Amino acid sequence: MNRQLIDPFGREVNYLRVSVTDRCDFRCTYCMSENMQFLPKKDILTLEEIEDICNVFISLGTKKIRLTGGEPLVRKGIFELIRNLGKKIGNGLEELTITTNGSQLEKKAEELYDAGVRRLNVSLDHLNPDKFKEITRWGDLNKVLNGLQKAKEVGLKIKINTVALKNFNEDHLLDIVEWCSTENFDMTIIEVMPMGDIGSENRYDQYLPLSEVRTNIEKKFTLKDIPKKTAGPARYCRIEEKKMDLGFITPLTHNFCESCNRVRLTCTGILYMCLGQNDNADLKKVLREKGLLELQKALFEAISRK
Ligand code: SAM
Ligand code: SF4
């Protein structure tokens, strides 16, 4: 039996993105409403269940795992999972990365490094404290900036994720590019998409096509498309004047299917095989009702539908 997860198009599925919680200590206006109703605990995978699922993926060829959320670093007990997965690096797993809002980094960066994490994606949409508060509702820019410095100090490589938002940061994106270049951070700009329950916010007011963003950046810098491939959906270009790579993620344009090697697990245990389709597999149900051996079979079955 083939021990690798290979989909019907011959693509080796070796990248797993795991949402470890639906909760967060921020309330970014494009992501959540202010009064979020979170899921009951029984519907959420326990950390042990997440570890079991990750281990089965690793045994079947997964080389990269990204933990995300909600905010992954606010889940109670998360560091035990991070340490345990970190021990798999060099033993099947090649990389463990985390996407975070940065709020916990000042306290936790060193622990992440010690656990084997080497790269982080940190989301940051504005460098002005009031604007940062406006967009995150509950976030404190200073705390995030201190966390980023700490992360740099301990040796973590940082990529800043910035969501491009109309009437909010469209005139500030170039400042963030400059700042990333000075700080030696990579940067990816993300097109805002209609996801999550954002309450009364109007999505139309937020939408800013990345084609416009790119044109604006090109007024100041020379952008050269480069064939850089990461395991994610970003397209990269090089800012010639800054010797810095800049990624663009346009999630609604599925222009990266041919190289897609990843699947996504929600905190409720649902595996999505493709960003563009709703087809999924309920791994929590399989794990809770039938156990680990059946989980392996369920994964092969799910990937055969990717
Ligand atoms: N809390 C962590 C963070 O903010 O980095 C991890 C989870 S967050 C859902 C992951 C990424 O999704 C962040 O970079 C965030 O900016 C982005 N995101 C959230 N809602 C989005 C939306 N509606 N459109 C585009 N990107 C979004
Ligand atoms: Fe929280 Fe990240 Fe969503 Fe902001 S984008 S509310 S930090 S999960």
Side-chain angles (χ1 to χ4, degrees), residues 17-39 44 65-75 78 82 96-105 108-109 112 117 119-127 131-141 143-144 147-148 151 156 158-166 168-170 173 176 180 185-210 213 230 232-234 247-254 262 264-268 272 275-276:
R17 188 181 166 105
V18 186
S19 168
V20 296
T21 177
D22 61 336
R23 286 154 204 258
C24 187
D25 53 343
F26 289 5
R27 290 289 181 278
C28 302
T29 61
Y30 51 80
C31 178
M32 292 189 183
S33 69
E34 187 146 28
N35 303 306
M36 284 295 289
Q37 290 291 323
F38 292 108
L39 294 162
I44 305 284
I65 293 179
R66 175 175 296 284
L67 303 182
T68 179
E71 173 48 41
L73 300 185
V74 297
R75 178 154 181 185
I78 191 69
I82 295 173
L96 175 65
T97 58
I98 293 172
T99 299
T100 171
N101 63 23
S103 67
Q104 309 300 310
L105 282 182
K108 299 292 186 183
L112 287 175
V117 175
R119 293 196 305 139
L120 295 177
N121 284 2
V122 180
S123 304
L124 191 145
D125 303 323
H126 216 291
L127 287 166
K131 298 288 265 180
F132 186 81
K133 175 74 86 191
E134 180 187 326
I135 200 70
T136 60
R137 290 196 185 100
W138 298 359
D140 176 348
L141 178 67
K143 238 174 151 178
V144 174
L148 282 165
L156 288 161
I158 307 287
K159 179 158 74 88
I160 298 295
N161 278 349
T162 302
V163 178
L165 296 156
K166 194 172 172 178
F168 177 71
N169 63 8
E170 54 193 312
L173 291 169
I176 305 182
C180 284
F185 298 151
D186 288 330
M187 181 179 177
T188 294
I189 301 178
I190 307 175
E191 193 166 79
V192 70
M193 47 175 178
M195 342 182 283
D197 164 20
I198 64 165
S200 59
E201 291 288 323
N202 185 347
R203 295 207 182 263
Y204 186 72
D205 288 347
Q206 300 179 325
Y207 182 69
L208 177 63
L210 288 199
V213 170
T230 59
F248 291 97
I249 297 185
T250 44
L252 297 181
T253 4
H254 305 294
R262 60 186 205 158
R264 182 167 61 92
L265 180 70
T266 68
C267 59
T268 54
Y272 286 93
L275 200 62

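The shown structure was predicted, so the numbers you read here are calculated from the model rather than taken from an experiment. In listed order, ligands and their atoms are each counted from 1. Just the heavy atoms: all of them, side chains too, but no hydrogens, waters or symmetry mates, feed the values below.
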Test of understanding: given a 4.0 Å heavy-atom threshold, classify the contact between [X] and ligand 1 as side chain, backbone, both, or neither.
| X | result |
| --- | --- |
| Asp125 | neither |
| Thr68 | side chain |
| Asn161 | side chain |

Hey, what do you get for [atom1] ([X]) to [atom2] ([Y]), rounding to the nearest 0.5 Å?
| X | Y | atom1 | atom2 | value |
| --- | --- | --- | --- | --- |
| Leu165 | Ile190 | CG | CD1 | 10.0 Å |
| Leu127 | Cys180 | CG | SG | 8.0 Å |
| Asp205 | Thr29 | CG | OG1 | 10.5 Å |
| Arg137 | Phe132 | CZ | CZ | 13.5 Å |

Any N/O pair [X]/ligand 1 closer than 3.5 Å:
| X | result |
| --- | --- |
| Val163 | no |
| Arg17 | no |
| Asn121 | no |
| Met193 | yes |

Could you list the atoms of ligand 1 found under 4.0 angstrom from a heavy atom of [X]?
| X | answer |
| --- | --- |
| Asn101 | 2 (C), 3 (C), 5 (O) |
| Thr100 | 2 (C), 3 (C), 5 (O) |
| Ser123 | 3 (C), 4 (O), 5 (O), 13 (C), 14 (O) |
| Glu191 | 25 (C) |
| Ile190 | 14 (O), 25 (C), 26 (N) |
| Glu71 | 1 (N), 2 (C) |
| Gly70 | 1 (N), 2 (C), 6 (C), 7 (C) |

- Message: So if I count the atoms of ligand 2 from 1 in the order they appear, which ones are less than 4.0 Å from some heavy atom of Gly70?
- Response: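 Contacts of ligand 2 toward Gly70, numbered from 1: 8 (S).
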- Message: Quick one: does any side-chain atom of Glu71 pair with a main-chain N or O of Asn101 as donor and acceptor, under 3.5 Å?
- Response: yes
- Look at atom 6 (S) of ligand 2 and say which protein heavy atom is nearest, naming residue and atom and giving the distance to 0.1 Å. Cys28 N, 3.2 Å
- Which heavy atom of the protein is the closest neighbour of atom 2 (Fe) of ligand 2, given with residue, atom name and distance?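 Looking only at protein heavy atoms, the one closest to atom 2 (Fe) of ligand 2 is Cys24 SG, 4.5 Å.
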- For a side-chain contact (heavy atoms from CB on, under 4.5 Å) with Val122, tell me which candidate from Asn161, Ile158, Thr99 qualifies.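 Result for side-chain contact (heavy atoms from CB on, under 4.5 Å) with Val122: Ile158.
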Over all heavy atoms of both residues, which pair between [X] and [Y] is shortest? Give the atoms and the distance, please.
| X | Y | value |
| --- | --- | --- |
| Ile189 | Val213 | CD1-CG1, 4.0 Å |
| Gly70 | Ser19 | N-OG, 4.4 Å |
| Thr162 | Leu124 | OG1-O, 2.8 Å |
| Pro72 | Ile98 | CG-CG2, 3.9 Å |

- Has Lys131 got more than 12 heavy atoms of other residues, nucleotides or ligands less than 6.0 Å from its NZ?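 Yes, NZ of Lys131 has more than 12 neighbouring heavy atoms, counting only those of other groups under 6.0 Å.
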- Query: Any N/O/S atom of Cys31 sitting less than 2.8 Å from atom 3 (Fe) of ligand 2, backbone or side chain?
  - Reply: yes
